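Heads up, the thing below is written out as structure tokens.
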Amino acid sequence: QVQPVESGGGHVQAGGSMRLSCVVSGRTRSSNGLGWFRQAPGKEREFVATISWTSGRTKLADSVKGRFTISSDNAKNTGYLQMDSLKPEDTAVYYCATGNRYFPSLRTDEYPSWGQGTQVTVSA
């Protein structure tokens, strides 16, 4: 069973940085890559970034371009989300997901396996 596990969330002031990690156990060759999503209170879960395990291609949401970077370490089955110049509006629970078949996968229903999420809080 494929199981992503996130870590690295916490509390930071606006303008600060934080790095999230996602370790994927049970990863299969059929999985194209890994995605990061976030959900703020009262809002729908939204796409943040995705990366292909094999090609390394990445895609980020317009709201985080220039501030966030997604990367991966295939040998460790681990993905990362480096978040810089954080804003209060970045406050959300961040989820790692995998099992998508294609790149780029931007919808939640394209990912069958999800982590439990990690809280990121950015104060003004």
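None of the values given here were measured: they were computed from a predicted structure.
- Minimum interatomic distance between Glu110 and Pro112 (heavy atoms only, all atoms of both residues): O-CD, 3.6 Å.
- Between the Ser25 side chain and the Gln3 main chain, a donor and an acceptor come within less than 3.5 Å of each other.
- Using a 4.5 Å cut-off between side-chain heavy atoms of Ile, Leu, Val, Met, Phe, Trp and Tyr, with links allowed through other members, Leu106 and Tyr95 fall into the same hydrophobic cluster.
- Side-chain contact check for Trp53 versus Thr98: some heavy-atom pair is nearer than 4.5 Å.
- One finds the CG atom of Leu34 at 8.0 Å from the CG atom of Asn100 (value rounded to the nearest 0.5 Å).
- A disulfide (SG to SG under 2.5 Å) check over residues 42-88, counting only residues at least two apart or in different chains, returns nothing.
- Cluster membership check: Phe47 does not share its hydrophobic cluster with Phe68, using side-chain heavy-atom separations under 4.5 Å among Ile, Leu, Val, Met, Phe, Trp and Tyr.
- In this structure, Leu86 is a member of the same hydrophobic cluster as Leu60, with clusters built from ILVMFWY side-chain heavy atoms closer than 4.5 Å.
- Applying the disulfide (SG to SG under 2.5 Å) test to residues at least two apart or on different chains, the pairs with a partner in residues 38-121 are Cys22-Cys96.
- Gln116 CD: 12 or fewer foreign heavy atoms inside a 6.0 Å radius.
- Pairing each heavy atom of Thr50 with each of Pro104, the nearest pair is CG2-CB, 4.1 Å.
- Listed for the Arg57 side chain is no donor-acceptor partner under 3.5 Å among the backbone atoms of Ser52.
- With sequence neighbours left out, the side chain to side chain contact (heavy atoms under 4.5 Å, CB included) criterion links Thr121 to His11, Thr91, Gln119.
- Using a 4.5 Å heavy-atom cutoff, the side chains of Leu20 and Glu6 are not in contact.
- The OH atom of Tyr80 lies 14.0 Å from the OG1 atom of Thr69; values are rounded to the nearest 0.5 Å.
- Hydrophobic cluster membership differs between Phe103 and Tyr111, with clusters built from Ile, Leu, Val, Met, Phe, Trp and Tyr side chains linked at under 4.5 angstrom.
- Counting all heavy atoms, side chain and backbone alike, Ala124 lies closest to Ala14 at CA-CB, 4.3 Å.
- Contact of the Trp36 side chain with the Ile51 side chain is not registered, since no non-hydrogen atoms from C-beta on lie closer than 4.5 Å.
- The line from OG1 of Thr58 to NZ of Lys65 is 9.5 Å long, rounded to the nearest 0.5 Å.
- Here the CG-CZ distance, from Asp90 to Arg38, works out to 4.5 Å after rounding to the nearest 0.5 Å.
- Proximity of the aromatic rings of Phe37 and Trp114 is defined here by a centroid distance below 6.0 angstrom, and this criterion is met.
- Note that the CD atom of Glu44 and the CD atom of Gln39 stand 8.5 Å from one another [nearest 0.5 Å].
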